[in-house]
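Some notes on the structure that comes next.
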2 protein chains.
Amino acid sequence: MTGEVAGRADAGVAAPIDAALLLDNQLCFLVARLHRALNDRYRPVLGALGLTYPQYLAMLALWEQAPMSVGRLGERLRLDSGTLSPLLKRLETAGLVTRTRSAGDERSVEVGLTDAGRTLRAEAVDIPSWVGSCIAGSLDDFVRVRGELTEILDRVENAPPPPVALPGPVR
Amino acid sequence: MTGEVAGRADAGVAAPIDAALLLDNQLCFLVARLHRALNDRYRPVLGALGLTYPQYLAMLALWEQAPMSVGRLGERLRLDSGTLSPLLKRLETAGLVTRTRSAGDERSVEVGLTDAGRTLRAEAVDIPSWVGSCIAGSLDDFVRVRGELTEILDRVENAPPPPVALPGPVR
DNA sequence: ATATGATGGATTGTACACAACTTAGTTGTA
DNA sequence: TACAACTAAGTTGTGTACAATCCATCATAT
């Protein structure tokens, strides 16, 4: 289960298959599945707090530091305003955050926590251990996996743009 | 950068912080970022083929085996019909797949490839190496990372349901 | 002071992703 | 046959996610 890249040499009846195009050889597919599987793990637990998964990540960021401008929050979470604006409005509607124009710079919107938002943190403290236990078996596991993921992430987020010429102009 | 779980002991002015709730200690956050970063990598390359990232994964599955029912394709990709139905309709509109009711079981819809769909495969063969090179530096890297991801994925997808009592009834 | 350019958010449009529900067809049982 | 239970897809509604675009505001340079 460790040394082979190729997978099966052909896929039976249908088509000639390059190992490179086998679905199970795509790291991106594994990551997509992992992302959704984690989402599934968090959903019931977060549902009890009235949060979705991305909303939870936004709250984590705000529990670390608030208030924060929408732009800075977006950098922290790697989300753009098109995603963040409606998400934050829903958190505001839920009474967890405030959104106020900055006094100094009227372009900027500061996102702060309400009392309810701060209180919610206490109800969230057990979530990482609940969910974490099904990701990493031990603390060593956790550290190893975190290191591995961070390393890959650095490569992918900071990789240079695609090698110039694509099949056609990318629009 | 390898042995510490805690992260910084506090986050400055704002709040008392448990290491467990630090955003950067959440494996789920790393996975979410990785998922989006990979999406960003694939987008321009796949855009040239007229595919989105999930559509590409669906095509990979169909290039391995076609025709396949919507249900089986969903199992393969871990997607439900609510996601797959419109996605497949778009692929049909794009002229890449066919959707026909199964003769034997009228409930089932068989998804097949058109000539254009089969032809597209040739234009996709270089994609894994383009994108793969920014995920894993070497073949050894690839194999190691794939093993690691598969292991985590098994744990998360097959973990038992949450430990009975959540803060409140889950709805 | 006014034009120029850059910046921060919001908005719009397209595309996943999932829950809940509906519809249609199949199977099991009496 | 009749009918309940089940199954496979589709549909609807909510919530991300991102590109493209718009708008107000700030910085600056003339």
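Values below: every heavy atom of this structure, side chains too, minus hydrogens, waters and symmetry copies.
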Atom [atom1] of [X] and atom [atom2] of [N]: how far apart are they, to the nearest Å?
| X | N | atom1 | atom2 | result |
| --- | --- | --- | --- | --- |
| B:L79 | C:dA15 | CG | P | 16 Å |
| B:L77 | C:dA17 | CG | P | 10 Å |
| A:L73 | C:dG8 | CG | P | 14 Å |
| A:D40 | C:dA19 | CG | C1' | 12 Å |
| A:R43 | C:dA17 | CZ | P | 12 Å |
| B:R41 | D:dA17 | CZ | P | 19 Å |
| B:L87 | C:dC16 | CG | P | 5 Å |
| B:N39 | D:dA17 | CG | P | 11 Å |

- Query: Is a side-chain N or O of B:T114 found less than 3.5 angstrom from the main chain of B:L96, in a donor-acceptor match?
  - Reply: yes

- Would a distance-only check, ignoring hydrogens and angles, find a side-chain to backbone donor-acceptor pair under 3.5 Å from A:S85 to A:G82?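 The answer is no, because no donor-acceptor pair under 3.5 Å joins these two groups.
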
- With the threshold set at 4.0 Å, does a side-chain nitrogen-carboxylate oxygen contact exist between B:E148 and B:R144?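 Judged by the 4.0 Å cut-off on N to carboxylate O distance, B:E148 and B:R144 do not form a salt bridge.
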
How far apart are the closest heavy atoms of [X] and [Y], and which atoms are they?
| X | Y | value |
| --- | --- | --- |
| A:A20 | B:P128 | O-CG, 3.3 Å |
| A:L149 | B:L149 | CD2-CD2, 4.5 Å |
| A:Y42 | B:Q26 | OH-OE1, 4.1 Å |

- Task: List for me each residue that meets side-chain hydrogen bond (donor to acceptor under 3.5 Å, both in side chains) alongside A:R90, sequence neighbours excluded, and say none if there are none.
- Result: none

- Query: B:E92: what forms a side-chain hydrogen bond (donor to acceptor under 3.5 Å, both in side chains) with it, not counting sequence neighbours?
  - Reply: B:R99

- Item | Criterion salt bridge (Lys or Arg N to Asp or Glu O under 4.0 Å) on B:R76 and B:E64, from CA distance to verdict | CA-CA 11 Å; B:R76 186 85 177 92; B:E64 280 182 45; 3.5 Å; yes

- Item | side chain to side chain contact (heavy atoms under 4.5 Å, CB included) between A:H35 and A:Y53, worked out | CA-CA 11 Å; A:H35 177 62; A:Y53 188 70; 3.9 Å; yes

- Task: Quick one, give me the B/S/- string for nucleotides 8-13 of chain D, reading 5' to 3', where B means a protein heavy atom under 4.0 Å from the base and S means that only happens at the primed atoms, P, OP1 or OP2.
- Result: SSBB--

- Query: Hey, can you pull the residues of residues 50-58 of chain A with a non-hydrogen atom under 4.0 angstrom from DNA chain D?
  - Reply: A:T52, A:P54, A:Q55

- Message: Which residues in residues 27-35 of chain B have a heavy atom closer than 4.0 Å to any atom of DNA chain D?
- Response: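 Under 4.0 Å from DNA chain D: no residue of residues 27-35 of chain B.
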
- Query: Does C:dC16 have OP1 or OP2 sitting under 4.0 Å from an N or O in the side chain of B:R90?
  - Reply: yes

- Set of residues satisfying ring pair (Phe, Tyr, Trp, His ring centres under 6.0 Å) with respect to A:F29, sequence neighbours excluded: none

- Look at the side chain of B:R36 and decide which nucleotide, out of D:dT25, C:dC18, D:dC18, has an atom nearest to it.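 Given the options D:dT25, C:dC18, D:dC18, the side chain of B:R36 is closest to D:dC18.
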
